[in-house]
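Quick notes on the structure that follows.
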Amino acid sequence: MVKEMIDLTVLDQLVCEHYILEKGKNSVEIESELYFKYFVESKESLHRKIAASRFLEEIMDSVSKAATDKAVELLRQWQPQLLEDSRLHFQFLLMQLADKIEQHEEEAALEFCRKELAPKALTAYLEAYDGFKKALNFFIKPESIPYERQMLADKLFATFQALNGTIDSCFYSCMKYLVNIVCAEVTSKTELREEAYQAMTLMLPNLSQRPLPIEGYREFPESDIQTLKDALMNRITRDDVVLALKYANGDVNKALKNELSLIHFDNDLVSSLVEDYLALRGLRRNMDEASLNRLLDEDNKGEQALPWQTFIQMIRLCAEKKYVSTILKLLQRHYPQLLVKYPKIHFRLLQFYLYQLLEERMWTLALQVLREDMSKIAETFPQLYPWLKESAFILFLYDLEGCHFVEKKRLWKCYFEQHMKLPVIASSLCTILMEANTIYEPQLAKNLRFYLFVHKEWCAKNQLDDPFADALYIRDLTNKDSLLEQTIDENECVFSAATKKDKNAEDSTNRQQQQQQHSIEEHVIWTLMEFLAISRAEAIALFNQYTGPSKDPAYILNTLLSEM
């Protein structure tokens, strides 16, 4: 299995946000089911997405149940700008005709055709009259109406998403993007890994209905068009790419997410992977404070060993309740080797404990923790000396009074809360506890590891840094969890200051040269894409074939023109 680094703390956030969004229940009730509360998106954004999902379901339900008037009224209340689109408005008029036919009001239907529908069919938009003639078949074949209703509901759903931004979770958008790349890349290889087959089973072959076209004409940079087309593995036409950019008002990231939302996943399969992940990572709340206290009493008496699943749940709950001293005692009693192996986690927990003691004005105990525990770790691992200085400074700061120091304490508190989040530390602890108990990682993490490996190969083949890596949290997922970096032995980290300085200066110079060279190459590639209206891969091929002395795009273009 390919060993790509995945920050499971980030994946925890993505999965929790997805779980809340997909459930669609009362958001407070769902949030109370999970321990992890630092979501990728703000809670306000999640609530807006949940409200939008409910609204869309109500609209689509009204359309499918022949209550078109109700659907129009709901749209007028929630999204009146959609009714300003002549195409969508005309589609609703067609469904109002279908309602009357299904209710056996033929006379009213004919009157509606003469007074409302026929005049609009001539002026609504270019293809409106063809739609009107097709709707007249409803009188002859009313059995085709349910199919047309479903088509309109799907188009309405896609149009709503395209105009207002996708309501997919960040996790879903990221997975669809990676799986889309996997399905396109591995099909060209003779040997397919098991993970590739699993990726292909996730993606269903059919796409959602495309959004209704919007009026008006806009030009977009050719580089944006090609970037979006390449990212979607050329699965859509250039016209559809332009339409996607129109809906997103030129925002390439938003346009990509809207297009990804049209891809269908096997929701049952994804749900099973998510449920398995939540269970193994201990993200679901299965313990209250009373049961925690009972387990702690039993553990103090040594009555029974704690199963690793129970231990993870205890760590999660203690982190949420900010019982740092309890977490330290549990780890020292059951997993002391982990505190030695991962000194950063140990030190951060002690820092949090120190801060709590200072807040409670327990100066003597706080000074003891700093002198004995934290200093001892820093002596063994000199890389932690900056954190030790931070701790000594805050200890000194809390020993001072006066208005001048109150503001400094407030700033320190903001810094502290930003850099030391107990749920994040608890997530890192869960990773090493699973490793210590030789527990296999969740299937979702295994699959994602392979998807990210294929994504890395795809980027290398196309010679680019993925422009969507930040927007889809791919870069965050592939970063290492800094708390899980094992600190090397102190005998191996004694370097002279002069050697370090020279090495840093040399690395900085090389890095600047590489960045400058990469910038020149990118400029040439983008120029070729825009000037010749070709894909990135084709531009790279031309760049490699016609690189002149100065790698100038003008040299390549002149060479091409001379050969025509």
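Not measured: the values here are computed from a predicted model.
A donor-acceptor contact closer than 3.5 angstrom links the side chains of Glu33 and Tyr19. For Ser261 and Asn258, the side-chain atoms include no donor-acceptor pair closer than 3.5 Å.
The line from CG of Asn479 to OH of Tyr473 is 13.5 Å long, rounded to the nearest 0.5 Å. Here Leu8 contributes atom CG and Leu280 contributes atom CG; the two are 11.0 Å apart, rounded to the nearest 0.5 Å. Between the CG atom in Leu384 and the CH2 atom in Trp387 there is a gap of 6.0 Å [rounded to 0.5 Å]. Between atom CG of residue Leu338 and atom CG of residue Leu429 there is a gap of 8.5 Å, rounded to the nearest 0.5 Å. Summarising the geometry, atom CD belonging to Gln13 is positioned 7.5 Å from atom OG1 belonging to Thr9; distances are rounded to the nearest 0.5 Å. Interatomic distance, CG of Asp466 versus SG of Cys459, reported as 4.5 Å (0.5 Å rounding).
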Practice task
For the pair Met175 and Val270, evaluate side chain to side chain contact (heavy atoms under 4.5 Å, CB included) and give the outcome as yes or no after the intermediate values.
Solution key: CA-CA 10 Å; Met175 286 285 287; Val270 175; 5.9 Å; no
Problem - side chain to side chain contact (heavy atoms under 4.5 Å, CB included) evaluation trace for Leu484 with Lys344 - result: CA-CA 8 Å; Leu484 298 186; Lys344 289 186 176 181; over 6 Å; no
Exercise for the section: Before giving the answer on side chain to side chain contact (heavy atoms under 4.5 Å, CB included), spell out for Val63 and Phe92 the whole-Å C-alpha distance, their side-chain angles and the decisive distance to 0.1 Å. Expected result: CA-CA 9 Å; Val63 172; Phe92 275 119; 4.3 Å; yes
Handout entry: Test side chain to side chain contact (heavy atoms under 4.5 Å, CB included) applied to Lys480 and Asp7, step by step
Key = CA-CA 6 Å; Lys480 291 189 290 185; Asp7 190 338; over 6 Å; no
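Considering every non-hydrogen atom in both Leu262 and Ala158, the closest pair reads CD2-CB, 4.0 Å. Tyr35 approaches Gly282 most closely through the heavy-atom pair CD1-O, 3.4 Å. Considering all non-hydrogen atoms of both residues, Ser428 and Ile345 come closest at CB-CD1, 3.9 Å. Closest approach of Ala231 to Leu256, counting heavy atoms only: CB-CD1, 4.2 Å. Residues Ala426 and Ala319 come closest through the heavy atom pair CB-CB, 3.6 Å. The heavy-atom pair separating Cys174 from Ile474 by the smallest distance is SG-CG1, 4.0 Å.
Looking at heavy atoms from C-beta onward, Val274 lies in side-chain contact with Leu278 at the 4.5 angstrom threshold. With contacts defined as side-chain heavy-atom distances shorter than 4.5 Å, the pair Tyr177/Leu232 does not qualify. Proximity of Lys461 to Glu185: side-chain heavy atoms (C-beta onward) are separated by under 4.5 Å at one or more points. Annotation: side chain of Glu435 is in contact with side chain of Lys341 (closest heavy-atom distance under 4.5 Å). Side-chain contact between Glu441 and Thr431 is absent, with no heavy-atom pair separated by less than 4.5 Å. Counting only heavy atoms from C-beta outward, the side chains of Asp276 and Leu444 never approach each other to under 4.5 Å. A 4.5 Å side-chain heavy-atom check between Phe265 and Leu204 finds every atom pair outside the cut-off. A 4.5 Å side-chain heavy-atom check between Thr227 and Phe468 finds at least one atom pair inside the cut-off.
Within the 3.5 Å criterion, the main-chain N or O of Leu34 finds a donor-acceptor partner in the side chain of Arg285. Counting only distance, with no hydrogens or angles, the side chain of Asn437 and the backbone of Leu433 share a donor-acceptor pair below 3.5 Å. In terms of modelled atom types and a separation under 3.5 Å, the side chain of Asp481 and the main chain of Leu483 share a donor-acceptor contact. No side-chain donor-acceptor contact under 3.5 Å links Ser427 to the backbone of Pro423.
Contact check on Glu222 versus Arg238 returns a salt bridge, with a Lys/Arg side-chain nitrogen under 4.0 Å from an Asp/Glu carboxylate oxygen. Salt-bridge formation is detected for the pair Asp240/Arg210: a Lys NZ or Arg NE/NH1/NH2 atom is positioned less than 4.0 Å from an Asp or Glu carboxylate oxygen. Taking a cutoff of 4.0 Å between a charged side-chain nitrogen and a carboxylate oxygen, Arg281 and Asp12 qualify as a salt bridge. Between Lys176 and Asp168, at least one side-chain nitrogen of the basic residue sits less than 4.0 Å from a carboxylate oxygen of the acidic one, meeting the salt-bridge criterion. Using a cutoff of 4.0 Å between basic side-chain nitrogens and carboxylate oxygens, Arg235 and Glu259 are not scored as salt-bridged.
Scored by the salt bridge (Lys or Arg N to Asp or Glu O under 4.0 Å) test, Glu57 finds no partners at all (sequence neighbours excluded). Every ring-ring contact (aromatic ring centres under 6.0 Å, His included) that His18 has, sequence neighbours left out, goes to Phe171, Tyr172. Among residues two or more places apart in sequence or in another chain, the side-chain contact (heavy atoms from CB on, under 4.5 Å) test is passed with Met151 by Tyr147, Gln209.
Among Asp476, Leu14, Leu21, the single residue meeting the side-chain contact (heavy atoms from CB on, under 4.5 Å) criterion with Cys170 is Leu14.
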